[in-house]
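We use all heavy atoms of the structure for the numbers below, so side chains are in, but hydrogens, waters and symmetry mates are not. Here the structure is a predicted model, which is why all the values come from computation and not from measurement. Whatever order the structure lists ligands and atoms in, that order sets their numbers, starting from 1.
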Amino acid sequence: MENPIFLLASILFSCWVATCYGVTFSSLQNQKTLVVTTSPQTGQVLKAGQDSITVTWSLNTTFPSGTDSDYKTVIVKICYAPVSQKDRGWRKTVDDLKKDKTCLRDIVSQPYKPSGNTFTWKVARDVPTATYFVRAYAENSAQVKVAFGQSTDSNKNTNLFQIQAISGRHVSLDISAICFSVFSILSLFGFFFMEKRKSKASEQK
Ligand SMILES: *[C@@H]1O[C@H](CO)[C@@H](O)[C@H](O)[C@H]1NC(C)=O
């Protein structure tokens, strides 16, 4: 029997499951199927804007074949270790992944492949000083996270590395570079107007 009300209810329910209700990190714990490694040694300090991280990821082959049949995209993120989240509400881990602040930003997003994935990322200049690890999420074609992997253990204590933000000296160099650029643009305009006025003056003679 096709009951239209039942049909409508089930459509609404699947909408609620798929989109209205966010995926939680705890719901992915049995789907830790990606093996993620990072190049820095434990505790190594990398300089933002200068040093690079190489990340590799692959499917953990101990999972039965077909585990990854709905994986479409892999999103690799750089994430705060607990030591750098302490007393910082804006980096808080929230189980609802839409609200989670553990991961600062995406390193790369690529179509899913079970193996042979390597990406070298030059640490962006605006990455703050902190201790980090790398996490990868697999998303299905509806952009719902269905699996993950990370370069650290479940307590986020092993294989951590540090990033040191650009030092004050570099920032002041940047600022003086900007000042010089603005100055040179202004002087260009200055010359342009002076030339214009000169030529106008000579025309009037
Ligand atoms: C692969 O998954 C199994 C089962 O979850 C786990 O015991 C093993 O450590 C994983 N292998 C790697 C390299 O992470």
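In this structure Thr131 satisfies the side chain to side chain donor-acceptor pair (under 3.5 Å) test with no other residue, sequence neighbours excluded. Listed by chain and residue number, Tyr80 satisfy the ring-ring contact (aromatic ring centres under 6.0 Å, His included) test with Tyr132 (two or more places apart in sequence, or in another chain).
Within 4.0 Å of ligand 1, contacts by protein heavy atoms are made from Val35, Asn60, Thr62, Phe63.
At a cut-off of 3.5 Å, with distance as the only test, no side-chain donor of Asn159 or Ser151 sits close to an acceptor on the other residue. Defined by atom type and a distance below 3.5 Å, a donor-acceptor pair is missing between the side-chain atoms of Thr56 and Thr118.
A tilted orientation is assigned to the rings of Tyr137 and Phe148, their planes being inclined by 30° to 60°.
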Enumerate, atom names and distances included, each donor-acceptor pair closer than 3.5 Å involving a side-chain atom of residues 104-111, sequence neighbours excluded.
{"residue": "Arg105", "atom": "NH1", "partner": "Asp126", "partner atom": "OD1", "Å": "2.7"}
{"residue": "Arg105", "atom": "NH1", "partner": "Asp126", "partner atom": "OD2", "Å": "3.2"}
{"residue": "Asp106", "atom": "OD1", "partner": "Lys77", "partner atom": "NZ", "Å": "2.8"}

